Colleague: 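I'd like to ask you about the structure that follows.
Throughout, residue positions are numbered sequentially from 1 according to the sequence presented. Model, not experiment: these values are computed from the prediction.
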Amino acid sequence: LSREDFQRIPELAINPLGDRIINAFFQEGEDQVNFRGFMRILAHFRPIEDNEKSKDQNGPEPLNSRSNKLHFAFRLYDLDKDDKISRDELLQVLRMMVGVNISDEQLGSIADRTIQEADQDGDNAISFAEFVKVMEKVDVEQKMSIRFLH
């Protein structure tokens, strides 16, 4: 599949983060995704079943685990892939989500407050560990799940 194939999906075309989601399907420098790569990304959105929570702890962590779902979400914000979400990156994503409905001053205030609340080590950015801490009360398992078959 190409990027254009994804862009023809109406739900992605209207999603403010559609381009970021589409980018998640493609390896760096690649312009096509094969079936295996496509399924690997979709696996992040598989609901976690109760019987999966008690599976072998020594095996590899499933792609749909809470931790992997959080990593996927974190990467949507980490535009420069430096493992930190800076104020500028946060502003860019916020602007994608709200468009022109909120002034730049209001967006800046939201970004500043978010960084201030999440940043525990004082580097004016949000690390993955800080992101996890902020998201600890969010039901990521439910919010990042798509039921493909009923």
Side-chain angles (χ1 to χ4, degrees), residues 1-99 101 107 110-111 113-121 123-150:
L1 296 170
S2 69
R3 290 179 193 279
E4 292 76 29
D5 293 325
F6 283 95
Q7 289 165 342
R8 285 193 282 270
I9 299 170
E11 291 81 1
L12 282 176
I14 63 169
N15 187 318
L17 294 178
D19 284 341
R20 296 293 307 143
I21 294 167
I22 291 169
N23 285 339
F25 281 89
F26 295 89
Q27 297 289 325
E28 190 72 37
E30 296 288 321
D31 60 355
Q32 300 225 327
V33 63
N34 62 20
F35 182 74
R36 182 185 201 101
F38 177 74
M39 293 308 296
R40 202 167 164 70
I41 296 299
L42 279 188
H44 288 87
F45 296 94
R46 202 173 112 236
I48 298 173
E49 305 298 336
D50 288 338
N51 61 352
E52 291 181 51
K53 293 178 184 171
S54 60
K55 276 194 177 172
D56 179 14
Q57 299 301 318
N58 297 325
E61 188 173 21
L63 290 171
N64 67 330
S65 69
R66 178 177 177 81
S67 175
N68 280 325
K69 285 176 185 285
L70 287 170
H71 269 288
F72 185 91
F74 182 82
R75 287 190 301 265
L76 291 179
Y77 288 88
D78 183 16
L79 303 176
D80 65 5
K81 300 177 183 168
D82 68 348
D83 295 325
K84 292 195 177 281
I85 301 169
S86 69
R87 179 186 188 273
D88 287 341
E89 288 171 318
L90 189 55
L91 265 175
Q92 286 181 53
V93 174
L94 287 171
R95 199 168 284 119
M96 287 176 211
M97 293 193 301
V98 300
N101 298 325
L107 280 178
I110 292 168
R113 197 166 52 244
T114 302
I115 297 282
Q116 183 180 15
E117 289 176 14
D119 181 24
Q120 296 176 333
D121 61 10
D123 66 350
N124 290 320
I126 302 170
S127 67
F128 180 68
E130 292 164 340
F131 182 79
V132 168
K133 183 86 173 128
V134 168
M135 299 293 285
E136 69 186 0
K137 291 186 175 76
V138 176
D139 187 3
V140 173
E141 293 88 345
Q142 181 65 35
K143 293 187 182 308
M144 287 186 66
S145 292
I146 302 170
R147 298 219 179 269
F148 298 102
L149 302 172
H150 296 283

Colleague: Before giving the answer on side-chain contact (heavy atoms from CB on, under 4.5 Å), spell out for Arg3 and Val33 the whole-Å C-alpha distance, their side-chain angles and the decisive distance to 0.1 Å.
Modeller: CA-CA 9 Å; Arg3 290 179 193 279; Val33 63; over 6 Å; no

Colleague: Can you tell me how far apart CD1 (Ile21) and CG (Asn15) are? Round to the nearest 0.5 Å.
Modeller: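 Atom-to-atom, Ile21:CD1 and Asn15:CG are 4.0 Å apart.
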
Colleague: I need the minimum non-hydrogen distance between Ala43 and Leu63, along with the two atoms involved.
Modeller: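 Scanning both residues, the minimum pair turns out to be CB-CD1, 3.8 Å.
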
Colleague: Distance from Ser65 atom OG to His44 atom NE2, nearest 0.5 Å?
Modeller: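 Going from OG on Ser65 over to NE2 on His44, the span is 8.0 Å.
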
Colleague: For residues 71-80, tabulate all N or O donor-acceptor pairs below 3.5 Å that involve a side-chain atom, not counting sequence neighbours.
Modeller:
{"unit_1": "Asp78", "atom_1": "OD1", "unit_2": "Lys81", "atom_2": "N", "d": "3.3"}
{"unit_1": "Asp78", "atom_1": "OD1", "unit_2": "Asp82", "atom_2": "N", "d": "3.3"}
{"unit_1": "Asp78", "atom_1": "OD2", "unit_2": "Asp82", "atom_2": "N", "d": "3.3"}
{"unit_1": "Asp78", "atom_1": "OD2", "unit_2": "Asp83", "atom_2": "N", "d": "2.8"}
{"unit_1": "Asp80", "atom_1": "OD1", "unit_2": "Asp82", "atom_2": "N", "d": "3.2"}

Colleague: Under the salt bridge (Lys or Arg N to Asp or Glu O under 4.0 Å) rule, collect the residues that match up with Lys84, sequence neighbours excluded.
Modeller: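 So Lys84 forms a salt bridge (Lys or Arg N to Asp or Glu O under 4.0 Å) with Asp123.
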
Colleague: How close do Ala125 and Ser86 get, heavy atom to heavy atom, and via which atoms?
Modeller: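 Answer, listing the atom of Ala125 first, then Ser86: CB-CA, 4.3 Å.
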
Colleague: Any chance you could measure Arg66, atom CZ, to Glu136, atom CD, to the nearest 0.5 Å?
Modeller: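 These two atoms lie 8.5 Å from each other.
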
Colleague: Report yes or no: does Asn64 contribute a side-chain atom to a donor-acceptor pair with the main-chain N or O of Pro47 at less than 3.5 Å?
Modeller: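 A pair under 3.5 Å: yes.
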
Colleague: Would you compute the distance between atom CG of Leu90 and atom CG of Leu107 and round it to the nearest 0.5 angstrom?
Modeller: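 Those atoms lie 9.0 Å apart.
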
Colleague: Looking at Asn68 and Pro62, would you say the former's side chain and the latter's main chain have a donor-acceptor pair under 3.5 Å?
Modeller: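 Confirmed, Asn68 side chain pairs with Pro62 backbone.
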
Colleague: Could you state the interatomic distance from CZ (Phe26) to OG (Ser2), rounded to the nearest 0.5 Å?
Modeller: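 It comes to 6.5 Å.
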
Colleague: In the structure I gave you, are the side-chain heavy atoms of Ile126 and Val134 within less than 4.5 Å of one another anywhere?
Modeller: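 Ile126 does not reach Val134 side chain to side chain.
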
Colleague: Is the backbone of Ile22 close enough, under 3.5 Å, to the side chain of Gln7 for a donor and an acceptor to pair up by distance?
Modeller: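 No; zero donor-acceptor contacts below 3.5 Å.
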
Colleague: What pair of heavy atoms forms the shortest contact from Met97 to Pro16, and how long is it?
Modeller: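 Minimum heavy-atom separation between Met97 and Pro16: CA-CB, 3.6 Å.
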
Colleague: Any salt bridge (Lys or Arg N to Asp or Glu O under 4.0 Å) involving residues 5-26? Give me the pairs, sequence neighbours left out, ordered by first then second residue.
Modeller: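 Salt bridge (Lys or Arg N to Asp or Glu O under 4.0 Å) check on residues 5-26 returns Asp5-Arg8.
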
Colleague: For the CD1 atom of Ile9 and the CG atom of Leu1, what is their distance to the nearest 0.5 Å?
Modeller: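 It comes to 8.0 Å.
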
